[in-house]
Structure formats: structure tokens, C-alpha cells
Amino acid sequence: MRIGVLTGGGDCGGLNAAIRAVVIRAARAGHTVVGVRDGWAGMVEGRGAELTVTEVAGIVGLGGTILGSSRTNPDKKPDGMERVRQTFQALGLDALVAIGGDDTLSVAAKLAARGLPVVGVPKTMDNDVNGTDSCIGFETAVERVMEACDNLRTTADSHHRILVLEVMGRAAGWVATEGGLAGGADAILVPEERSTLADVAHHLTHRRDAGYASSIVVVAEGAEIAGLELAEAGGQVDAFGHAQLVTRALGERLAERLGTLTGIEARAMVLGHLQRGGPPSAFDRVLGARLGAAAVDLILAGQYGKAPVLRGMTIVPVDLAETVAVNRTVDLDLYHLAASLTVPV
Ligand code: F6P
């Protein structure tokens, strides 16, 4: 067989481990892998080349994706889906592994529904793909947030400041919740639970009065905070209709207002793409390897229209349609635990 592999959407830690696993698993079974360039753009434009075992040696520790990525939606391009079908033939593909988040997987699900031999692999630092306990890239992002909290604490303590750390995640508060919990944040604000500016200010004032030198506030870029005016999300809207949430200037505005309300000096930091770049965590390398290998196994078993996902400690196949049925928002029990561990009581 000739098995195509692509990575679509925002890059994240662990993608190269998945690509490597696809190539090696396929090669061991006597099959060839074709690396498709830049996500669905490569399938629309017919860009891909054979990817050998030698080429994927030593890439597990690399961030990003050696195949390149894009936020291309073939369904929004003239004849886009038909061109994907033509590229299948032009590259001589018998099957395709699409590694991506809900946008990339939604295209994969549509192609599978039209009879193309496609399987998906869930990746996104947002961790909002339905049906899996974790997506490739999430753990790496959590570690970046944790490290940022650790580093911000020493400077915040030294200057007796509030430090607001804005993190990614779109409409899901997973990165903020787990990153904030791991980093010992003093307030965690997520899209799934509406906070009020007055409550946050009160909590931070209380902390200062109780003698704590600093406060770290981790806020998810998609959070809504009652009493806080934000800019409209703008920037370049991508092919799946997403505006850039960072343009709301949430972290900056929150720090400014908290500073005024509490009388404590406040600063903001947008962690941004540092959450996605650099060496992947061990967890994401292992998850990438397991899911990449499992995707090839599904193909070899003729199980198309599926994606391997993590359930507990086990990898199981689910229908691609299930992975994109809803946006998986944060586990509220976990969020409430994280929120309850911010002191003082
Ligand atoms: O979906 C992944 C993500 O990192 C989101 O958390 C974030 O809002 C968005 O991508 C940023 O996109 P870009 O890389 O286009 O700035």
C-alpha cells in the first residue's frame, strides 16, 4: 500500500513522533508512506513525496511538524474536495492518515463519508477533540504554562505584583485549568465558567491582605469575565471561521483593571506560541507514537472513517464523526478542584 500522512491546523508538540510512528509501522509491514505537505493544502494542490524511515529518524524530540501545516479547508475551495480525490490518484495513495484537531478531522470525516479511505489522529493543544481523554500536544502546552507560572512567581514575588498569564485554548479551558493547577496559579479563569471582575479583584485583595507576596492569574484566551470590556476578536479569520482570540487583549485588559481595582501593581503576559513550539513532553511523544502506529493498524485492518483515541490508559478506535460531533470543554470537576486550591480560603 501507499499510505499518505498529513498534519493540519496549529502545530503542537508530539506531531513528529506520530509521523515517525506512521512511517515505521507501515514500513515494517512492507508499505510505503507519502508525506503530504502543509495539511489539506497539500491534498488540494497535489504536493507530497515519499517519506522514508531514514527521514524520520531522530525527529521525536523536534517540535512542530516536518510535513508543515496549514488551516486549509478543501470544502471551502472551488472543487476542493474533488481535487483531494484527484491527489489521492496522482500520488497513488491507497489510504490517508490525517493528523489534526476538530477542523482537520471534520474534513477527514466528510471525505470518509464520501467513501475515501481516511483515518484520523487527534492532536491539538486545546484538547477539545471529542471522544479522547487527551490530544497530542496538550501535555506539552500544559508544561509550558506550568514553567511560565514557576518563572513568573519569582519576579511577581520580588515586586509584590499581580501577574496575569493569558494562555491559548480557544473555547476550551483545558490548558488554563491543568497548566494553572500544575503551576500553582492563584486564580484560573476559563470560558466554561463565567467569573466576575469584582470577585477576582476581591480574591486578590484578600490574598494581599493575608500576606501573600504575589498573585498569578491564569486566564484562558476565550474566557468571558463579567465587568470586563474586551475588544472584538479580529485579525485574519481562518478557513474554518476562527478569529484570532488574542486580539481581544484579554490578558492586558484584565491586568489593567485588576491593578486599578486592587491598588496592586499588575502586569500581563501572553504566553502565545511558546505553548506549541519546542521539544514535546514525554507524554506527547509516547501518545503520538501510540496513535500514529494505531492509525496504520486501522488502515491495515481496512477500518476507515475511524480515529484511534486514548481512553484511560488504552488506545481504542472511534468513528471520525464522533470526534467532531461536539467541542470537548473542560472537565468542570477538575476545574473546580483547581479553583478550590487557590489560597486563601
Ligand atoms: O487551535 C490551536 C491554537 O493554538 C489555539 O489555542 C489558538 O487560539 C490558535 O491556535 C492560534 O492560532 P494561530 O497559530 O493561527 O495564531
Side-chain angles (χ1 to χ4, degrees), residues 6-15 18 38-41 63-65 67-73 76 98-108 120-130 132 134-148 165-180 188-192 218-224 230-254 268-278 280-281 284 287-288 323-324 326-330:
L6 65 80
T7 49
D11 75 303
C12 61
L15 289 175
D38 303 331
W40 291 118
T65 160
L67 295 175
S69 192
S70 70
R71 298 191 196 276
T72 305
N73 185 352
K76 289 276 158 63
I99 306 173
D102 51 349
D103 294 333
T104 302
L105 296 179
S106 70
V107 175
V121 169
K123 74 83 214 170
T124 166
M125 62 152 287
D126 301 341
N127 206 33
D128 59 354
V129 171
N130 190 48
T132 184
S134 194
C135 297
I136 299 170
F138 170 59
E139 274 286 330
T140 301
V142 167
E143 288 202 2
R144 298 288 188 274
V145 175
M146 178 188 75
E147 285 159 13
L165 178 65
E166 180 182 318
V167 303
M168 287 181 172
R170 288 230 163 98
W174 284 104
V175 176
T177 299
E178 291 209 12
I188 301 171
L189 311 177
V190 296
E192 293 88 342
V218 173
V219 62
E221 62 178 358
E224 295 291 342
L230 294 176
E232 272 292 306
Q236 220 176 3
V237 176
D238 71 22
F240 293 91
H242 304 296
Q244 292 173 303
L245 291 178
V246 71
T247 56
R248 301 197 311 156
L250 171 55
E252 277 295 338
R253 301 238 167 142
L254 182 59
M269 167 174 194
V270 179
L271 192 52
H273 296 84
L274 285 174
Q275 291 159 96
R276 301 202 324 226
S281 69
D284 279 332
L287 183 62
T323 64
V324 295
V326 288
N327 191 254
R328 180 173 170 263
T329 50
V330 78

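Numbering of ligands and ligand atoms starts at 1, following listing order.
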Check step by step if side-chain contact (heavy atoms from CB on, under 4.5 Å) holds for Val270 and Leu165. CA-CA 6 Å; Val270 179; Leu165 178 65; over 6 Å; no
Going through the distances and angles, do Arg248 and Glu224 end up as a salt bridge (Lys or Arg N to Asp or Glu O under 4.0 Å)? CA-CA 11 Å; Arg248 301 197 311 156; Glu224 295 291 342; 3.1 Å; yes
Could you pull out every N or O of ligand 1 that sits under 3.5 Å from a protein N or O, with the distance for each pair?
| from | atom 1 | to | atom 2 | distance (Å) |
| --- | --- | --- | --- | --- |
| ligand 1 | 1 (O) | Asp126 | OD2 | 2.7 |
| ligand 1 | 1 (O) | Arg170 | NH1 | 3.3 |
| ligand 1 | 4 (O) | Arg276 | NH1 | 2.7 |
| ligand 1 | 6 (O) | Asp126 | OD1 | 2.6 |
| ligand 1 | 6 (O) | Gly169 | N | 3.0 |
| ligand 1 | 6 (O) | Glu221 | OE2 | 3.4 |
| ligand 1 | 8 (O) | Glu221 | OE1 | 3.4 |
| ligand 1 | 8 (O) | Glu221 | OE2 | 2.6 |
| ligand 1 | 10 (O) | Arg71 | NH2 | 3.1 |
| ligand 1 | 10 (O) | Arg276 | NH1 | 3.1 |
| ligand 1 | 12 (O) | Arg71 | NH2 | 2.9 |
| ligand 1 | 14 (O) | Arg71 | NH2 | 3.2 |
| ligand 1 | 14 (O) | His273 | NE2 | 3.1 |
| ligand 1 | 14 (O) | Arg276 | NH1 | 3.0 |
| ligand 1 | 14 (O) | Arg276 | NH2 | 2.9 |
| ligand 1 | 15 (O) | Arg71 | NH2 | 3.3 |
| ligand 1 | 16 (O) | His273 | NE2 | 3.0 |

Please enumerate all residues that pass side chain to side chain donor-acceptor pair (under 3.5 Å) together with Arg276, with sequence neighbours excluded. Asp11
Heavy-atom donor-acceptor pair, Lys123 side chain to Gly8 backbone, under 3.5 Å: yes
Does Glu147 CD have over 12 foreign heavy atoms under 6.0 Å away? yes
Work out which heavy atom in Ile136 is nearest to a heavy atom in Cys12; give both atom names and the distance. O-SG, 3.4 Å
